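Notes to accompany the following structure.
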Number of protein chains: 4
Amino acid sequence: MPRTPEANQRIREAQRAKILESARSVFARKGMETTITDIAAEAQISLGLAYRYFADKEAIFSELVKQTVPDDSAGFQELVEMPGTPGERLATLISSIVGARGQREPLEAHQLLQHALDAEAMPEEIRESLGKRYQMLLATMRQLIVEGQATGEVVLGDPDQLVAVMSACLDGLTRWALRDPEKFRTYVPDAQIVLRLFQPLTDEKKASEQS
Amino acid sequence: MPRTPEANQRIREAQRAKILESARSVFARKGMETTITDIAAEAQISLGLAYRYFADKEAIFSELVKQTVPDDSAGFQELVEMPGTPGERLATLISSIVGARGQREPLEAHQLLQHALDAEAMPEEIRESLGKRYQMLLATMRQLIVEGQATGEVVLGDPDQLVAVMSACLDGLTRWALRDPEKFRTYVPDAQIVLRLFQPLTDEKKASEQS
Amino acid sequence: MPRTPEANQRIREAQRAKILESARSVFARKGMETTITDIAAEAQISLGLAYRYFADKEAIFSELVKQTVPDDSAGFQELVEMPGTPGERLATLISSIVGARGQREPLEAHQLLQHALDAEAMPEEIRESLGKRYQMLLATMRQLIVEGQATGEVVLGDPDQLVAVMSACLDGLTRWALRDPEKFRTYVPDAQIVLRLFQPLTDEKKASEQS
Amino acid sequence: MPRTPEANQRIREAQRAKILESARSVFARKGMETTITDIAAEAQISLGLAYRYFADKEAIFSELVKQTVPDDSAGFQELVEMPGTPGERLATLISSIVGARGQREPLEAHQLLQHALDAEAMPEEIRESLGKRYQMLLATMRQLIVEGQATGEVVLGDPDQLVAVMSACLDGLTRWALRDPEKFRTYVPDAQIVLRLFQPLTDEKKASEQS
DNA sequence: TATGAATGAGTATTCATTCAT
DNA sequence: TATGAATGAATACTCATTCAT
């Protein structure tokens, strides 16, 4: 007696998800050097099975990107319109990338994008999609920085340069977090430490920090 | 008419240097995907000749690291003992990594270390050497930050976290600079922009920035 | 409520037949590149079910050949003993291969044999069986040609060479018919065109063709 | 001391030729199922080396086609303009395909084209090139047949159908010749046997054949 | 009996490394 | 010392075949 179609459907979805999850993890760690064998091993399935679920390596990568990008992009828009001070929203943005406590998921997502932008051999379609998403991230960051400068929550200076430095900073932190999660959790517990670098010192803060 | 031993020696050293230099450049660009063929082509020598000078690919990489690490490590010591305020010396440190105007050399050196730390298949010996060097960089940074906090040149806060964020920031900037040098030069002209993030806003600065 | 054994038997036979028929069709089209998946799809059954009916791919092929050979072989004998002039019987033979109007069945059968003779990896047993059948075809052809020469219906010349050329001709036409059935139907409507090549021109024919 | 560039050049050309020759032979025998391993084995080189000379399997095939097609195509034109009766020129055409005495080269060339036209997965570029060449062959054949009918050397009838049958005949003979060269040489010694099928029986011929 | 998910062996292709010259 | 042809081991991908359900 065959499995019910529903059971098969469930199996397929579970496997697909498992492959993608494994791929995300391995990609984040190894970058474009990731082999299908790596992914299959991580997912604890045979090499051939990976090909029943995805046409080729690129298909896995594409799906991974597709799964990651739209969600976040939508999120960017919301962030701008969200209630709260610009500084608070900027903190939320940063948290969404670095993760509140170094959880793997958002870190891996951001790292995935970085690798993809780096890679020589990346299908144009994906590259575009990623580029657009990255631009949106930067634009959102910029808007929040400008607003933050107006309210005094963010240090003064050329917003474009601040965006550049901040995004580089996030990239670097992400890589670090993936390389050595333990240490990361200890030294950079959350987004506040990053954000604070952009805050002008108020008298109040000075006082609290010195206490 | 054989060459003199001295001439031979000179040729050997020149070739070796040329291979290493080429390797550094290609490694920075392509990362671990670099092929020996790439390196030989960049050095304008034959594939086989590369193997006369280095036992294998790893040997090239090792030598590259060895060549890079000691110089910089020495530099770290000097930086601490150098004249100038802590903030000035911190600026020098940052410049030595990011480059005064986005020159390739220091960027490539730093990127080399990052690739090496990332790579799964990296001989333990090299890894240690790099780890040590990296610790030294962080230690130097930390010391300068602490000194800077004492003189008021650096923002207050846990020095370890500041070090973490700053090194991540440098890493991110380096990657960016290598990925898109043009944009980098435009948006992050030099080390000042990074350093400023660590400076508490003085009234004087505030004034000048608002003008 | 289990099926009756008889019903089961009928189902099994029907499935088997459907698989073989599908296999014949696909083999003729794709040759030895045919996959089991192709066959299962054509037969509208699951992949696994094909293996309930046949041990492996080769078993399907063998059975196909066995099924094709005996029928035709029997046919050969009949042809020789059939009423009608040798020329008429030769026409019937040719039609049985090329098809009266390019129908798929006889074409596919002949093509199957050709593929089988070509294939490097063909079990000896099948090869022999096919060889024997092929020899019988040639022998029949030869006999009819000889008889035809006696009655003046077939051009004079070495019968063996005529057989060689005629069988090559049939093979070529078969391949063509399968490759491009439309064109085939237009240009070579039936067996007559082939057969005519072997007919000496009589005065009558000459007259009719020139009119 | 390195080989001289000339020596290298010679080696490269020899190897390239050897690979192509081996490929031609194997392709003719096995068709599109040919593996690179087969070709390398036939050429007695390592698998990897084949890739130093050709980018991929398709490149070998393309080159093979390119090498084969232009020569023959040019030949077609000459045939039409050649001196001699249409029948004689038709004989030359047929010989150029079937080979005067079953030599491998022209046989393999023709078979190559047949396989290529069959293959599902054939790059469009090659397909076109081959299609054009094949059309030219048919056109040449047709012209010679028409001329031959005028001089009485070729049997009367629809030229298109005669072309169809003749080309099928050649294809079939070619396959046969490659499958079993010995037998082929015995039974179909040369082009005359094919051509004769198209000749109306003259009284003279009738006489000589009956003698 | 029937299904299709899962496996493993085979083929295409790349690249570090060796070796004849 | 210098070259690049040649090799072999690794990786991407396909498909016959098995097996849990």
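All values derive from a computational prediction rather than experimental measurement. These values consider heavy atoms only, across backbone and side chains, with no hydrogens, waters or symmetry-generated copies. Each chain gets a letter, A, B and so on, in the order the sequences are listed, and its residues count up from 1.
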Of the nucleotides F:dT3, F:dT11, F:dA16, which has the atom closest to the C:Lys57 side chain? F:dA16
State whether A:Arg3 places a side-chain N or O below 4.0 Å from either non-bridging phosphate oxygen (OP1 or OP2) of E:dT3. no
Is there a Watson-Crick or G-U wobble partner for F:dA20 with both distances under 3.5 Å, and if so, which one is it? E:dT3
Report yes if a side-chain nitrogen or oxygen of C:Arg52 is closer than 4.0 Å to either non-bridging phosphate oxygen (OP1 or OP2) of E:dT1; otherwise report no. yes
Please report, rounded to the nearest Å, how far the C1' atom of F:dA12 is from the CD atom of A:Glu58. 13 Å
Think B:Tyr51 has a side-chain N or O under 4.0 angstrom from the OP1 or OP2 of F:dT3? no
Determine: side-chain N/O of A:Asn8 to OP1/OP2 of E:dG4, distance under 4.0 Å, yes or no. no
Ion pair check, A:Glu42 and A:Arg29, cut-off under 4.0 Å: yes
5'-most by nearest nucleotide on DNA chain F - A:Leu49 or C:Ala55: A:Leu49
Under 4.0 angstrom, heavy atoms only, what part of the nucleic acid is A:Arg12 near: base, sugar-phosphate, or nothing? sugar-phosphate
Sugar-phosphate only, base, or nothing, as touched by C:Tyr53 at under 4.0 Å among non-hydrogen atoms: sugar-phosphate
C:Gln15 side chain near E:dT1 phosphate (N/O to OP1/OP2, under 4.0 Å): no
When we call it a touch if two heavy atoms are under 4.0 Å apart, what does B:Leu47 touch: a base, just sugar-phosphate, or nothing? base
In Watson-Crick or G-U wobble terms, both distances under 3.5 Å, what is the partner of E:dT14? F:dA9
From C-beta outward on C:Ile36, which listed nucleotide comes closest to its side chain: F:dA16, E:dT3, E:dA6? F:dA16
Provide, to the nearest angstrom, the distance between the NZ atom belonging to A:Lys18 and the C1' atom belonging to E:dA5. 12 Å
So which one's nearest nucleotide on DNA chain F is more toward 5', C:Thr35 or D:Ala50? D:Ala50
